[in-house]
Amino acid sequence: MSKPVILTGLRANNDLHLGNYLGALLPIVEMQKKHAGEFQINLFVPDLHSFTTPIDHSKLYEQSLNNIRLFIAAGLNIKDENTFVYRQSFIPAHSELTVILNSFTYIGELKRMTQFKEKGEGQQSSVSAGLFDYPVLMAADILLYGAKYVPVGADQTQHVELARDIAERFNNKFGDIFILPEAEKQQIAFTESVDRLRIRDLLHPEKKMSKSDETGKGVIFLNDSPEVATKKIMSATTDSFGEIKYDRKERPGISNLMDILAALTNTPLDSIKQQYEGSTTYGDFKADVAKSVANFLTTFQANLARVDDGQTLYKITQSEKQMNDVANQTLLKVQKVVGLRV
Ligand code: ADP
Ligand code: TRP
């Protein structure tokens, strides 16, 4: 196991949507296609990170498994022996390393994390210590496996940098225990080789499509029926310019739909622009987008129904066994240098 490690996690708090698919699931699947053999790929469900925002606990276990099924439906090859898929809480070293690293992390650092500031703002009394400590658990996720590349969305890069800082501080005190993830610049250079789209909310295209949207009307969920999705696309907010033109700033609604059409039909954006720009019939264009979304959902949902649960669970348990060994080795090194073991 001497290959450099690419590691990433996708939380299973809620039903995933088209933004998650195009911005997270698909890039990871493409990364596997591109780098398998050259890298080890660790793809895990950070289930312990789930309680930091309100969730339905009765669904979490199933949702964690379903997250992995979704990756497989999106094309992840679980037969690849350099790819490991696992659940965070099935590898107890994540929790133990977090407790240790907590004493090597400053409160000031955690208070500066944008995600904490945003999600915690204005509700200081009801903010859990779990949300505050979220980045330390994330650091443990990364450092246990010596991950070099950690592809994440822009909102998470600060946490990867913090993992690096904690590791560096720890190494300065105790010697070369942790392998540091690459710095932000190298991370970006690495992940930029894979296109990461930002999909907008259909009704409020000034903000991103997000599962935290309460109505769900501007969000295409991966389990929406093609009919429901078609209605959502046909009611998408566009603009009153009267002519189709791609302009993410001034015309985010129509541009978002063009992005979706390009991505789902595997067509370069330029060809989509050529085809539709200048047209005054928004309805026809929307119908084409709706058709591409409905086709995508039909195929994706059929793939999902075909995912073999026995095979999937086998892969997960095998990966969890192997990754427990790797994680425990790192943990033991840490326990030794901090004086817990000899
Ligand atoms: P949400 O906003 O729906 O809660 P998360 O913040 O949990 O989504 O993001 C999970 C992953 O999906 C991240 O890698 C994030 O970058 C990606 N992602 C989320 N929303 C979008 C979007 N609208 N477009 C592209 N990628 C997205
Ligand atoms: N915090 C990440 C998110 O919300 C998920 C995550 C948890 C993660 N641990 C990680 C991502 C480790 C990469 C590496 O999207």
Side-chain angles (χ1 to χ4, degrees), residues 5-29 31 41-55 63-64 67 70-71 74 86-89 91 94-95 97-98 101 113-116 118-119 130-131 133-164 166-167 181-182 187 191 194-214 216 218-222 248 252 255-256 259-260 263-264 323 327:
V5 177
I6 304 175
L7 177 145
T8 195
L10 186 63
R11 294 201 297 157
N13 289 31
N14 242 308
D15 292 331
L16 298 188
H17 52 74
L18 189 63
N20 298 134
Y21 174 81
L22 292 173
L25 290 167
L26 204 56
I28 290 165
V29 170
M31 193 167 286
I41 297 175
N42 280 29
L43 177 57
F44 76 105
V45 183
D47 51 359
L48 286 168
H49 273 114
S50 298
F51 324 125
T52 52
T53 42
I55 58 155
Q63 266 171 346
S64 297
N67 240 25
L70 293 173
F71 272 104
Y86 53 93
R87 294 159 292 183
Q88 184 185 40
S89 74
I91 303 180
H94 289 245
S95 306
L97 184 60
T98 302
L101 293 181
M113 294 293 114
T114 314
Q115 178 174 290
F116 175 71
E118 278 173 2
K119 292 200 175 161
L131 179 66
D133 204 32
Y134 185 107
V136 184
L137 176 54
M138 191 162 156
D141 298 337
I142 296 167
L143 300 176
L144 280 173
Y145 307 95
K148 187 168 179 184
Y149 293 112
V150 186
V152 286
D155 56 325
Q156 297 293 319
T157 54
Q158 209 187 10
H159 295 161
V160 179
E161 280 289 290
L162 180 66
R164 207 177 132 80
I166 298 172
E182 291 285 329
Q187 297 283 351
T191 42
V194 180
D195 204 10
R196 276 185 177 252
L197 268 179
R198 296 312 281 173
I199 302 299
R200 310 302 185 106
D201 184 277
L202 298 173
L203 292 184
H204 305 283
E206 65 287 351
K207 52 177 202 176
K208 77 172 190 111
M209 188 177 280
S210 171
K211 58 198 166 216
S212 39
D213 173 74
E214 272 135 40
V219 180
I220 305 276
F221 290 102
L222 295 178
R248 288 205 126 211
S255 307
N256 186 42
D259 280 334
I260 293 175
L264 293 183
M323 290 305 109

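In listed order, ligands and their atoms are each counted from 1. This chain uses plain numbering: 1 for the first residue, then up along the sequence.
Distances between N or O atoms of Lys208 and those of ligand 1 include at least one value under 3.5 Å. Below 3.5 Å of separation, one finds an N or O of Ile199 facing an N or O of ligand 1. Looking at ligand 1, you'll find an N or O of Gly19 within less than 3.5 Å of one of its N or O atoms. Considering backbone and side-chain atoms together, Gln115 places no N or O closer than 3.5 Å to any N or O of ligand 2.
Although no hydrogens or angles enter the test, the distance criterion places a donor-acceptor pair under 3.5 Å between the side chain of Gln88 and the main chain of Leu48. Looking at His94, its side chain never comes within 3.5 Å of a backbone N or O of Ser89 through a donor-acceptor pair. For the pair Gln187 (side chain) and Val150 (backbone), a donor-acceptor distance under 3.5 Å is present.
Residue contact check: Val150 has heavy atoms under 4.0 Å from atoms 13 (C), 14 (C) of ligand 2. For ligand 1, the atoms closer than 4.0 angstrom to any heavy atom of Arg198 are 16 (O), 24 (N), 25 (C), 26 (N), 27 (C). Of all atoms in ligand 2, listed by their number and element, those nearer than 4.0 Å to a heavy atom of Phe44 are 9 (N), 10 (C), 12 (C). Shown in contact with Ser210 at under 4.0 Å from a heavy atom are these atoms of ligand 1, numbered in order with element: 1 (P), 2 (O), 3 (O), 4 (O). Atoms of ligand 2 lying under 4.0 Å from at least one heavy atom of Leu7, given by number and element, are 12 (C), 14 (C). In summary, the atoms of ligand 1 found under 4.0 Å from a heavy atom of His17, numbered by their order in the structure, are 3 (O), 20 (N). Applying the 4.0 Å criterion to heavy atoms of Met209 picks out, from ligand 1, the atoms 20 (N), 21 (C), 22 (C), 23 (N). When each atom of ligand 2 is checked for a heavy atom of Val152 under 4.0 Å away, the hits are 11 (C), 13 (C). Of all atoms in ligand 2, numbered sequentially from 1 with element shown, those under 4.0 Å from a heavy atom of His49 are 7 (C), 9 (N).
Contacts between Arg11 and ligand 2, counted as non-hydrogen atom pairs separated by less than 4.0 Å, involve the side chain only. In Tyr145, neither the side chain nor the backbone holds a heavy atom less than 4.0 Å from any atom of ligand 2.
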(message) Quick one, Phe116 with His159, criterion ring pair (Phe, Tyr, Trp, His ring centres under 6.0 Å). Give me CA distance, side-chain angles, the key distance, then yes/no.
(response) CA-CA 11 Å; Phe116 175 71; His159 295 161; over 10 Å; no
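The side-chain heavy atoms of Asp201 and Lys208, taken from C-beta on, include no pair separated by under 4.5 Å. Within the 4.5 Å cutoff, no side-chain heavy atoms of Pro181 are placed close to those of Lys148. Proximity of Tyr86 to Asn42: side-chain heavy atoms (C-beta onward) are separated by under 4.5 Å at one or more points. Annotation: side chain of Asp15 is in contact with side chain of Gln63 (closest heavy-atom distance under 4.5 Å). Annotation: side chain of Leu18 is not in contact with side chain of Val219 (no heavy-atom distance under 4.5 Å).
Ligand 1 lies nowhere less than 4.0 angstrom from a heavy atom belonging to Arg11.
The pair Arg11-Asp47 does not meet the salt-bridge criterion, since no charged nitrogen lies less than 4.0 angstrom from a carboxylate oxygen.
Using cut-offs of 30° and 60° on the angle between ring planes, the pair His17 and Phe221 is perpendicular.
Counting only heavy atoms of the protein, atom 5 (C) of ligand 2 lies nearest to Gly9 O, 3.6 Å. With respect to atom 9 (N) of ligand 2, the closest heavy atom belonging to the protein is Asp141 OD2, 2.7 Å. Here the heavy atom of the protein found nearest to atom 1 (N) of ligand 2 is Tyr134 OH, 2.6 Å. Of all protein heavy atoms, the one lying nearest to atom 6 (C) of ligand 2 is Pro46 CG, 3.9 Å.
Gln115 and Asp155 share no side-chain donor-acceptor pair at under 3.5 Å.
When the heavy-atom distances from atom 17 (C) of ligand 1 to Asn20, Asn256, Leu25, Leu10 are ranked, the shortest goes to Asn20.
Interatomic distance, CG of Leu222 versus CG of Leu25, reported as 7.0 Å (0.5 Å rounding).
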